[in-house]
Amino acid sequence: MKTQIEKMISSKGELRLLQTENGWKRAVELWLLNDAVNENSGRYTRLSEHRALFAGTPILVAYVDGKIGDGHNFEQVIEKDGSVSASFLSETAERIVGYFDGEEDIRLEKKDGKTWIVGKGYIWKWYARELTEKLERGKMAVSIETLIDEYHMEGMTEIYDRYQILGTTILGDGVAPAVKNANIKVLSAIGADSLRSMALRVASANEAKMKNKSKGVQTMKIKELQKHFGGYKVLSVEGEKIALLADNGSLYLSSARKQDGEVIIGAKVEVNASLTLGEGENSISIPVDTLTETLNHKIETLTSDLEAEKSAKEKTESALLAMQTAEKARRRKLVKDAVANRLKAINENLDEKIEETVCNSILTDERVVAFSDMEENGEFCGDARACRELDALCMDRVIANNGKKANAAKKHFAWNDAKDDEDESKGVLHTLTAILD
(Lines give C-alpha, C1' and ligand atoms only; values in the text may rest on other atoms or scores of the structure.)
Protein backbone atom coordinates (compact mmCIF):
# COMPACT_ATOMS: atom_id res chain seq x y z
CA MET A 1 0.00 0.00 0.00
CA LYS A 2 1.32 3.40 -0.98
CA THR A 3 1.28 6.24 1.49
CA GLN A 4 0.91 9.88 0.54
CA ILE A 5 2.78 12.12 2.93
CA GLU A 6 5.32 14.90 2.65
CA LYS A 7 8.55 13.71 4.19
CA MET A 8 11.83 15.55 3.73
CA ILE A 9 14.79 13.20 3.31
CA SER A 10 18.48 14.04 3.09
CA SER A 11 20.58 11.65 1.04
CA LYS A 12 24.35 11.77 0.80
CA GLY A 13 26.42 11.98 -2.35
CA GLU A 14 29.69 13.57 -3.43
CA LEU A 15 30.96 16.55 -5.38
CA ARG A 16 34.13 17.20 -7.36
CA LEU A 17 35.35 20.18 -9.32
CA LEU A 18 35.43 19.99 -13.12
CA GLN A 19 38.07 21.75 -15.18
CA THR A 20 35.41 23.86 -16.89
CA GLU A 21 35.70 27.49 -15.82
CA ASN A 22 33.73 30.48 -16.98
CA GLY A 23 35.33 33.46 -15.30
CA TRP A 24 33.16 34.02 -12.27
CA LYS A 25 31.83 30.48 -11.94
CA ARG A 26 33.25 26.96 -11.83
CA ALA A 27 31.56 23.79 -13.02
CA VAL A 28 31.18 20.92 -10.54
CA GLU A 29 30.03 17.32 -10.86
CA LEU A 30 27.75 15.90 -8.20
CA TRP A 31 26.83 12.25 -7.68
CA LEU A 32 23.42 12.70 -6.14
CA LEU A 33 20.98 9.79 -5.74
CA ASN A 34 21.19 6.09 -6.53
CA ASP A 35 18.71 3.22 -6.48
CA ALA A 36 20.37 1.20 -3.70
CA VAL A 37 19.07 0.88 -0.13
CA ASN A 38 20.71 3.66 1.85
CA GLU A 39 21.98 3.73 5.41
CA ASN A 40 18.56 4.61 6.80
CA SER A 41 16.75 1.75 5.11
CA GLY A 42 15.28 3.87 2.31
CA ARG A 43 15.50 3.49 -1.47
CA TYR A 44 14.74 5.90 -4.30
CA THR A 45 12.93 4.57 -7.39
CA ARG A 46 11.97 6.01 -10.79
CA LEU A 47 15.26 7.90 -11.05
CA SER A 48 14.73 8.65 -14.71
CA GLU A 49 11.37 10.30 -13.97
CA HIS A 50 12.82 12.50 -11.21
CA ARG A 51 16.19 13.27 -12.78
CA ALA A 52 15.10 16.56 -14.32
CA LEU A 53 13.79 17.88 -10.99
CA PHE A 54 17.35 18.84 -9.98
CA ALA A 55 17.36 21.55 -12.67
CA GLY A 56 17.12 25.00 -11.10
CA THR A 57 17.67 23.79 -7.53
CA PRO A 58 20.32 25.42 -5.31
CA ILE A 59 23.68 24.19 -4.09
CA LEU A 60 24.34 25.35 -0.53
CA VAL A 61 27.13 25.43 2.04
CA ALA A 62 27.55 26.64 5.64
CA TYR A 63 30.56 28.36 7.21
CA VAL A 64 31.19 27.92 10.94
CA ASP A 65 34.22 29.45 12.72
CA GLY A 66 36.06 29.81 9.43
CA LYS A 67 35.48 26.17 8.51
CA ILE A 68 34.36 25.58 4.93
CA GLY A 69 31.31 23.33 4.93
CA ASP A 70 29.27 22.08 7.83
CA GLY A 71 25.85 20.42 7.96
CA HIS A 72 22.23 21.40 7.29
CA ASN A 73 22.45 24.52 9.39
CA PHE A 74 19.15 26.28 9.98
CA GLU A 75 16.76 27.10 12.79
CA GLN A 76 13.18 26.09 13.44
CA VAL A 77 10.69 28.93 13.71
CA ILE A 78 7.17 28.50 15.09
CA GLU A 79 4.70 30.48 13.00
CA LYS A 80 1.58 32.19 14.34
CA ASP A 81 -0.57 29.27 13.23
CA GLY A 82 1.60 26.84 15.18
CA SER A 83 3.39 25.39 12.15
CA VAL A 84 7.16 25.04 12.06
CA SER A 85 9.29 26.39 9.26
CA ALA A 86 13.01 26.63 8.58
CA SER A 87 14.89 29.92 8.96
CA PHE A 88 18.30 30.65 7.43
CA LEU A 89 18.98 34.02 9.04
CA SER A 90 21.64 32.98 11.56
CA GLU A 91 25.32 33.63 10.91
CA THR A 92 26.10 29.94 10.65
CA ALA A 93 23.12 29.02 8.45
CA GLU A 94 23.84 27.43 5.09
CA ARG A 95 23.78 29.79 2.11
CA ILE A 96 23.33 29.34 -1.62
CA VAL A 97 26.65 29.29 -3.50
CA GLY A 98 25.63 27.59 -6.73
CA TYR A 99 22.92 25.90 -8.79
CA PHE A 100 21.98 23.31 -11.39
CA ASP A 101 21.21 25.05 -14.66
CA GLY A 102 19.12 22.99 -17.08
CA GLU A 103 17.70 19.51 -17.48
CA GLU A 104 20.44 18.71 -20.00
CA ASP A 105 23.02 18.92 -17.20
CA ILE A 106 21.39 16.06 -15.27
CA ARG A 107 22.06 12.48 -16.41
CA LEU A 108 21.79 8.85 -15.31
CA GLU A 109 24.93 6.76 -14.97
CA LYS A 110 25.65 3.15 -14.05
CA LYS A 111 28.45 2.45 -11.59
CA ASP A 112 29.22 -0.71 -9.59
CA GLY A 113 25.78 -2.14 -10.30
CA LYS A 114 23.95 1.00 -9.15
CA THR A 115 22.10 3.62 -11.15
CA TRP A 116 23.02 7.16 -10.15
CA ILE A 117 21.61 10.59 -10.88
CA VAL A 118 24.67 12.66 -11.72
CA GLY A 119 24.48 16.41 -12.21
CA LYS A 120 26.68 19.13 -13.58
CA GLY A 121 26.30 22.27 -11.50
CA TYR A 122 27.97 25.61 -11.06
CA ILE A 123 29.60 27.33 -8.09
CA TRP A 124 29.78 31.13 -8.07
CA LYS A 125 33.52 31.56 -7.69
CA TRP A 126 33.20 35.28 -6.94
CA TYR A 127 31.09 34.61 -3.86
CA ALA A 128 32.64 31.27 -2.86
CA ARG A 129 36.35 31.69 -3.54
CA GLU A 130 37.46 29.71 -0.46
CA LEU A 131 35.07 26.86 -1.28
CA THR A 132 36.32 26.75 -4.86
CA GLU A 133 39.92 26.59 -3.70
CA LYS A 134 39.06 23.73 -1.34
CA LEU A 135 37.32 21.85 -4.16
CA GLU A 136 40.44 22.23 -6.28
CA ARG A 137 42.24 20.15 -3.67
CA GLY A 138 39.72 17.28 -3.72
CA LYS A 139 36.09 16.19 -3.71
CA MET A 140 33.63 16.85 -0.88
CA ALA A 141 30.56 15.01 0.36
CA VAL A 142 27.10 16.43 -0.25
CA SER A 143 23.63 15.82 1.15
CA ILE A 144 20.54 16.03 -1.04
CA GLU A 145 17.23 17.18 0.44
CA THR A 146 14.17 15.53 -1.07
CA LEU A 147 10.55 16.04 -0.09
CA ILE A 148 8.83 12.65 -0.27
CA ASP A 149 5.26 12.80 -1.61
CA GLU A 150 4.55 9.07 -1.80
CA TYR A 151 6.24 5.91 -0.53
CA HIS A 152 5.48 2.31 0.37
CA MET A 153 7.12 -0.34 2.54
CA GLU A 154 8.96 -3.46 1.42
CA GLY A 155 9.69 -5.28 4.64
CA MET A 156 11.58 -2.76 6.77
CA THR A 157 12.63 -0.62 3.79
CA GLU A 158 10.86 2.59 2.75
CA ILE A 159 10.53 2.79 -1.03
CA TYR A 160 10.26 6.39 -2.28
CA ASP A 161 8.00 6.49 -5.32
CA ARG A 162 7.33 10.21 -5.77
CA TYR A 163 9.52 13.00 -4.43
CA GLN A 164 10.64 16.57 -5.00
CA ILE A 165 14.19 17.92 -5.00
CA LEU A 166 14.76 20.80 -2.58
CA GLY A 167 18.50 21.37 -2.74
CA THR A 168 22.01 19.99 -2.31
CA THR A 169 24.20 20.90 0.68
CA ILE A 170 27.99 20.61 0.64
CA LEU A 171 29.10 18.95 3.87
CA GLY A 172 32.19 19.85 5.85
CA ASP A 173 35.12 17.55 6.53
CA GLY A 174 34.16 14.88 9.04
CA VAL A 175 30.57 16.12 9.31
CA ALA A 176 28.07 13.30 9.57
CA PRO A 177 25.08 13.41 7.21
CA ALA A 178 22.69 16.21 8.05
CA VAL A 179 20.88 15.62 11.32
CA LYS A 180 21.04 11.89 10.85
CA ASN A 181 19.03 10.89 13.85
CA ALA A 182 16.85 13.98 14.19
CA ASN A 183 13.34 14.70 13.01
CA ILE A 184 11.73 18.01 12.16
CA LYS A 185 7.98 17.79 12.05
CA VAL A 186 6.03 20.52 10.30
CA LEU A 187 2.24 20.55 10.51
CA SER A 188 0.07 21.89 7.71
CA ALA A 189 -3.49 21.16 6.62
CA ILE A 190 -4.49 18.51 4.09
CA GLY A 191 -8.08 19.17 3.11
CA ALA A 192 -10.24 20.33 5.98
CA ASP A 193 -9.40 18.22 9.00
CA SER A 194 -6.25 16.18 8.37
CA LEU A 195 -2.59 16.91 8.99
CA ARG A 196 0.57 15.94 7.25
CA SER A 197 4.11 15.88 8.58
CA MET A 198 7.44 16.71 7.03
CA ALA A 199 10.21 14.69 8.65
CA LEU A 200 13.83 15.42 7.95
CA ARG A 201 15.94 12.28 7.77
CA VAL A 202 19.39 11.55 6.56
CA ALA A 203 20.12 8.71 4.16
CA SER A 204 23.55 7.91 2.88
CA ALA A 205 23.75 7.03 -0.81
CA ASN A 206 27.39 7.49 -1.75
CA GLU A 207 29.90 4.69 -2.32
CA ALA A 208 31.70 4.90 1.04
CA LYS A 209 30.12 5.55 4.40
CA MET A 210 31.11 8.89 5.83
CA LYS A 211 32.84 8.56 9.19
CA ASN A 212 32.85 11.32 11.75
CA LYS A 213 36.47 12.39 12.05
CA SER A 214 35.86 15.61 13.89
CA LYS A 215 38.82 16.29 16.19
CA GLY A 216 37.68 19.50 17.84
CA VAL A 217 33.92 19.89 18.14
CA GLN A 218 31.82 17.38 20.06
CA THR A 219 28.15 17.34 20.96
CA MET A 220 27.63 17.38 24.73
CA LYS A 221 24.84 15.98 26.87
CA ILE A 222 22.40 17.97 29.00
CA LYS A 223 23.91 16.72 32.25
CA GLU A 224 27.39 17.73 31.14
CA LEU A 225 26.24 21.20 30.08
CA GLN A 226 24.10 22.01 33.13
CA LYS A 227 27.08 23.05 35.28
CA HIS A 228 28.05 25.68 32.69
CA PHE A 229 24.65 27.43 32.86
CA GLY A 230 24.17 28.53 36.46
CA GLY A 231 20.71 29.97 37.09
CA TYR A 232 19.29 28.24 34.00
CA LYS A 233 17.91 24.76 33.36
CA VAL A 234 19.14 23.14 30.15
CA LEU A 235 16.00 21.91 28.37
CA SER A 236 17.37 20.60 25.11
CA VAL A 237 20.56 20.22 23.10
CA GLU A 238 20.56 20.08 19.32
CA GLY A 239 24.05 20.16 17.91
CA GLU A 240 25.62 23.31 19.31
CA LYS A 241 22.26 24.95 20.03
CA ILE A 242 21.07 24.97 23.65
CA ALA A 243 17.54 25.69 24.90
CA LEU A 244 17.46 27.21 28.40
CA LEU A 245 14.81 27.95 31.03
CA ALA A 246 15.55 30.79 33.46
CA ASP A 247 14.42 30.77 37.09
CA ASN A 248 11.76 33.36 36.24
CA GLY A 249 10.30 31.14 33.52
CA SER A 250 11.82 32.98 30.53
CA LEU A 251 13.19 30.96 27.61
CA TYR A 252 16.63 31.51 26.14
CA LEU A 253 18.72 30.15 23.30
CA SER A 254 22.47 29.80 23.58
CA SER A 255 25.24 27.66 22.17
CA ALA A 256 27.95 25.42 23.52
CA ARG A 257 30.68 23.38 21.96
CA LYS A 258 33.70 21.49 23.18
CA GLN A 259 36.88 22.29 21.33
CA ASP A 260 40.31 20.97 22.30
CA GLY A 261 38.95 19.95 25.70
CA GLU A 262 37.51 23.39 26.46
CA VAL A 263 33.79 24.17 26.62
CA ILE A 264 32.96 27.38 24.73
CA ILE A 265 29.65 28.98 25.75
CA GLY A 266 27.84 31.43 23.46
CA ALA A 267 25.67 34.41 24.33
CA LYS A 268 22.17 33.89 25.75
CA VAL A 269 19.29 35.37 23.75
CA GLU A 270 15.78 35.56 25.18
CA VAL A 271 13.18 34.08 22.82
CA ASN A 272 9.44 33.76 22.60
CA ALA A 273 7.60 30.49 22.12
CA SER A 274 4.06 29.67 20.99
CA LEU A 275 1.71 26.91 22.03
CA THR A 276 -0.86 25.46 19.62
CA LEU A 277 -4.16 24.32 21.08
CA GLY A 278 -6.37 22.03 19.01
CA GLU A 279 -5.79 20.70 15.51
CA GLY A 280 -6.25 21.91 11.98
CA GLU A 281 -8.79 24.65 11.42
CA ASN A 282 -9.98 24.31 15.00
CA SER A 283 -6.57 25.20 16.44
CA ILE A 284 -5.39 28.46 17.97
CA SER A 285 -1.87 29.60 18.78
CA ILE A 286 -1.06 31.46 21.99
CA PRO A 287 2.23 32.74 23.43
CA VAL A 288 3.65 30.40 26.04
CA ASP A 289 4.11 33.47 28.25
CA THR A 290 0.33 33.71 28.56
CA LEU A 291 0.24 30.29 30.14
CA THR A 292 3.42 30.51 32.17
CA GLU A 293 2.60 33.97 33.58
CA THR A 294 -0.31 32.56 35.57
CA LEU A 295 1.69 29.53 36.63
CA ASN A 296 4.67 31.69 37.62
CA HIS A 297 2.42 33.93 39.73
CA LYS A 298 1.04 30.88 41.48
CA ILE A 299 4.55 29.53 42.00
CA GLU A 300 5.71 32.87 43.44
CA THR A 301 2.77 32.92 45.86
CA LEU A 302 3.39 29.34 46.96
CA THR A 303 7.11 30.02 47.27
CA SER A 304 6.44 33.08 49.43
CA ASP A 305 4.04 31.10 51.64
CA LEU A 306 6.55 28.29 51.91
CA GLU A 307 9.32 30.67 52.95
CA ALA A 308 7.05 32.20 55.61
CA GLU A 309 6.16 28.75 56.93
CA LYS A 310 9.81 27.73 56.96
CA SER A 311 10.73 30.89 58.88
CA ALA A 312 7.98 30.29 61.44
CA LYS A 313 9.01 26.66 61.76
CA GLU A 314 12.63 27.62 62.32
CA LYS A 315 11.65 30.11 65.05
CA THR A 316 9.46 27.53 66.77
CA GLU A 317 12.17 24.88 66.56
CA SER A 318 14.72 27.35 67.94
CA ALA A 319 12.47 28.28 70.88
CA LEU A 320 11.72 24.61 71.54
CA LEU A 321 15.41 23.75 71.48
CA ALA A 322 16.15 26.54 73.99
CA MET A 323 13.38 25.25 76.26
CA GLN A 324 14.62 21.68 75.99
CA THR A 325 18.17 22.77 76.76
CA ALA A 326 17.02 24.74 79.82
CA GLU A 327 14.85 21.86 81.04
CA LYS A 328 17.70 19.38 80.72
CA ALA A 329 19.99 21.70 82.68
CA ARG A 330 17.29 22.10 85.38
CA ARG A 331 16.82 18.35 85.67
CA ARG A 332 20.56 17.68 85.93
CA LYS A 333 20.76 20.19 88.78
CA LEU A 334 17.78 18.56 90.49
CA VAL A 335 19.48 15.17 90.36
CA LYS A 336 22.72 16.49 91.84
CA ASP A 337 20.96 18.49 94.56
CA ALA A 338 18.67 15.58 95.45
CA VAL A 339 21.61 13.18 95.89
CA ALA A 340 23.56 15.67 98.00
CA ASN A 341 20.56 16.42 100.25
CA ARG A 342 19.75 12.72 100.61
CA LEU A 343 23.27 11.90 101.78
CA LYS A 344 23.15 14.77 104.25
CA ALA A 345 19.84 13.49 105.69
CA ILE A 346 21.22 9.95 106.03
CA ASN A 347 24.37 11.11 107.83
CA GLU A 348 22.33 13.09 110.38
CA ASN A 349 21.11 9.78 111.85
CA LEU A 350 24.45 7.96 111.86
CA ASP A 351 27.23 8.08 114.42
CA GLU A 352 29.72 7.02 111.77
CA LYS A 353 29.21 9.32 108.79
CA ILE A 354 29.29 8.06 105.22
CA GLU A 355 31.83 9.89 103.09
CA GLU A 356 30.71 11.86 100.02
CA THR A 357 32.67 9.59 97.66
CA VAL A 358 29.79 7.15 97.89
CA CYS A 359 28.01 9.47 95.42
CA ASN A 360 30.76 9.35 92.78
CA SER A 361 29.28 6.44 90.80
CA ILE A 362 25.87 8.17 90.70
CA LEU A 363 27.03 11.66 89.72
CA THR A 364 29.15 10.93 86.64
CA ASP A 365 28.16 13.06 83.62
CA GLU A 366 26.80 10.03 81.81
CA ARG A 367 24.68 8.87 84.78
CA VAL A 368 23.35 12.37 85.51
CA VAL A 369 22.22 12.73 81.86
CA ALA A 370 20.54 9.32 82.08
CA PHE A 371 18.71 10.29 85.29
CA SER A 372 17.65 13.63 83.76
CA ASP A 373 15.93 11.80 80.87
CA MET A 374 13.88 9.49 83.13
CA GLU A 375 10.11 9.99 83.18
CA GLU A 376 7.20 8.05 84.57
CA ASN A 377 3.69 8.69 83.29
CA GLY A 378 5.01 11.84 81.63
CA GLU A 379 6.50 13.19 84.87
CA PHE A 380 10.18 13.61 85.69
CA CYS A 381 11.41 11.01 88.18
CA GLY A 382 15.17 10.98 87.71
CA ASP A 383 15.93 12.66 91.03
CA ALA A 384 13.93 10.05 92.99
CA ARG A 385 15.61 7.20 91.08
CA ALA A 386 19.05 8.62 91.89
CA CYS A 387 18.13 8.90 95.61
CA ARG A 388 16.96 5.27 95.62
CA GLU A 389 20.29 4.16 94.22
CA LEU A 390 22.07 6.26 96.86
CA ASP A 391 19.93 4.66 99.59
CA ALA A 392 21.02 1.23 98.45
CA LEU A 393 24.68 2.22 98.43
CA CYS A 394 24.40 3.83 101.90
CA MET A 395 22.62 0.76 103.31
CA ASP A 396 25.44 -1.42 102.06
CA ARG A 397 27.92 0.95 103.69
CA VAL A 398 26.02 0.98 107.06
CA ILE A 399 25.79 -2.82 107.12
CA ALA A 400 29.49 -3.08 106.42
CA ASN A 401 30.36 -0.58 109.16
CA ASN A 402 28.15 -2.35 111.71
CA GLY A 403 29.77 -5.65 110.92
CA LYS A 404 33.18 -4.17 111.55
CA LYS A 405 32.03 -2.82 114.91
CA ALA A 406 30.63 -6.19 116.00
CA ASN A 407 33.83 -7.98 115.14
CA ALA A 408 35.86 -5.36 116.95
CA ALA A 409 33.69 -5.70 120.07
CA LYS A 410 34.10 -9.47 120.15
CA LYS A 411 37.85 -9.26 119.91
CA HIS A 412 37.96 -6.62 122.67
CA PHE A 413 36.01 -8.71 125.25
CA ALA A 414 37.94 -11.93 124.65
CA TRP A 415 41.22 -10.13 125.01
CA ASN A 416 40.21 -8.44 128.21
CA ASP A 417 38.99 -11.75 129.78
CA ALA A 418 42.23 -13.47 129.03
CA LYS A 419 44.20 -10.63 130.51
CA ASP A 420 42.16 -10.58 133.70
CA ASP A 421 42.57 -14.35 134.22
CA GLU A 422 46.29 -13.99 133.72
CA ASP A 423 46.55 -11.13 136.24
CA GLU A 424 44.40 -13.06 138.74
CA SER A 425 46.56 -16.17 138.44
CA LYS A 426 49.65 -14.11 138.87
CA GLY A 427 48.17 -12.49 142.06
CA VAL A 428 47.27 -15.75 143.65
CA LEU A 429 50.67 -17.17 142.88
CA HIS A 430 52.39 -14.13 144.32
CA THR A 431 50.32 -14.36 147.54
CA LEU A 432 51.06 -18.01 147.99
CA THR A 433 54.74 -17.42 147.47
CA ALA A 434 54.81 -14.73 150.07
CA ILE A 435 53.08 -16.93 152.64
CA LEU A 436 55.47 -19.73 152.00
CA ASP A 437 58.46 -17.50 152.46
Side-chain angles (χ1 to χ4, degrees), residues 74-87 89-92 179 181-189 193 195 197-199 219-258 263-328 378:
F74 59 90
E75 296 178 346
Q76 300 177 52
V77 176
I78 301 177
E79 304 295 348
K80 292 181 179 180
D81 62 357
S83 63
V84 180
S85 61
S87 172
L89 296 179
S90 69
E91 294 179 357
T92 58
V179 250
N181 297 316
N183 287 313
I184 298 176
K185 297 180 180 178
V186 178
L187 302 180
S188 57
D193 302 315
L195 297 175
S197 66
M198 180 171 65
T219 299
M220 290 170 284
K221 297 181 179 180
I222 290 179
K223 186 177 181 180
E224 183 182 4
L225 284 169
Q226 185 60 68
K227 61 184 178 182
H228 297 285
F229 290 95
Y232 299 85
K233 178 177 177 58
V234 178
L235 299 177
S236 178
V237 180
E238 184 177 319
E240 295 182 2
K241 293 182 294 184
I242 312 296
L244 304 171
L245 175 65
D247 291 340
N248 62 2
S250 299
L251 296 171
Y252 289 81
L253 285 180
S254 185
S255 63
R257 58 192 178 91
K258 184 182 289 184
V263 177
I264 301 173
I265 303 298
K268 303 177 190 66
V269 180
E270 187 172 0
V271 295
N272 295 321
S274 297
L275 176 67
T276 300
L277 304 178
E279 297 181 350
E281 296 179 351
N282 297 321
S283 66
I284 182 172
S285 180
I286 63 172
V288 171
D289 292 346
T290 304
L291 178 63
T292 58
E293 183 178 354
T294 301
L295 297 177
N296 287 338
H297 177 70
K298 185 65 174 178
I299 291 173
E300 291 174 0
T301 301
L302 292 175
T303 301
S304 177
D305 293 344
L306 177 61
E307 292 299 325
E309 291 293 335
K310 286 173 62 178
S311 178
K313 179 183 176 184
E314 289 173 357
K315 290 180 180 179
T316 301
E317 289 177 345
S318 178
L320 178 60
L321 179 60
M323 293 173 60
Q324 290 174 336
T325 302
E327 175 63 11
K328 287 181 178 180

Practice problem: Please report the shortest heavy-atom distance between K241 and F74, naming the atom on each side. | Solution: NZ-O, 3.1 Å
Exercise. Work out which heavy atom in L251 is nearest to a heavy atom in L235; give both atom names and the distance.
Key: CD2-CD1, 3.9 Å
Practice problem: Considering non-hydrogen atoms only, spot the tightest contact between A256 and I265 and give its length. | Solution: CB-CD1, 3.7 Å
Self-check item: Nearest-0.5 Å distance that lies between atom OG in S255 and atom CG in L225
Solution: 10.5 Å
Practice problem: Would you please name every residue forming a salt bridge (charged side-chain N to carboxylate O under 4.0 Å, His left out) with E327, sequence neighbours left out? | Solution: R330, R331
Quiz prompt | Atom pair OG/CG of S311 and L306 - distance to nearest 0.5 Å | solution = 11.0 Å
Exercise. State which residues pass side-chain contact (heavy atoms from CB on, under 4.5 Å) with S87; sequence neighbours excluded, sorted by chain then number.
Key: V77, L89
Practice problem: Taking all heavy atoms of S254 and all of F229, pick out the closest pair and write down the distance. | Solution: OG-CE2, 3.8 Å
Exercise. Take atom CD of E307 as the centre, draw a 6.0 Å sphere, and report whether it contains more than 12 heavy atoms from other residues, nucleotides or ligands.
Key: yes
Self-check item: Heavy-atom pair with the smallest gap, counting every atom of Q226 and Y232
Solution: NE2-O, 2.6 Å
Quiz item: So which heavy atom on I242 is nearest to which on L244, and how close?
Solution: CG2-CD2, 3.6 Å
Quiz item: Quick one: CG on L253 to CD on E75, what's the gap to the nearest 0.5 Å?
Solution: 7.0 Å
Quiz item: Rounded to the nearest 0.5 Å, what separation is found between the CD1 atom of I222 and the CD atom of E224?
Solution: 11.5 Å
Quiz item: Can you tell me how far the NE2 atom of H228 sits from the CD1 atom of I264, to the nearest 0.5 Å?
Solution: 11.5 Å
Quiz item: Say you draw a straight line from CG of L321 to CD of E314; how long is it, rounded to the nearest 0.5 Å?
Solution: 13.0 Å
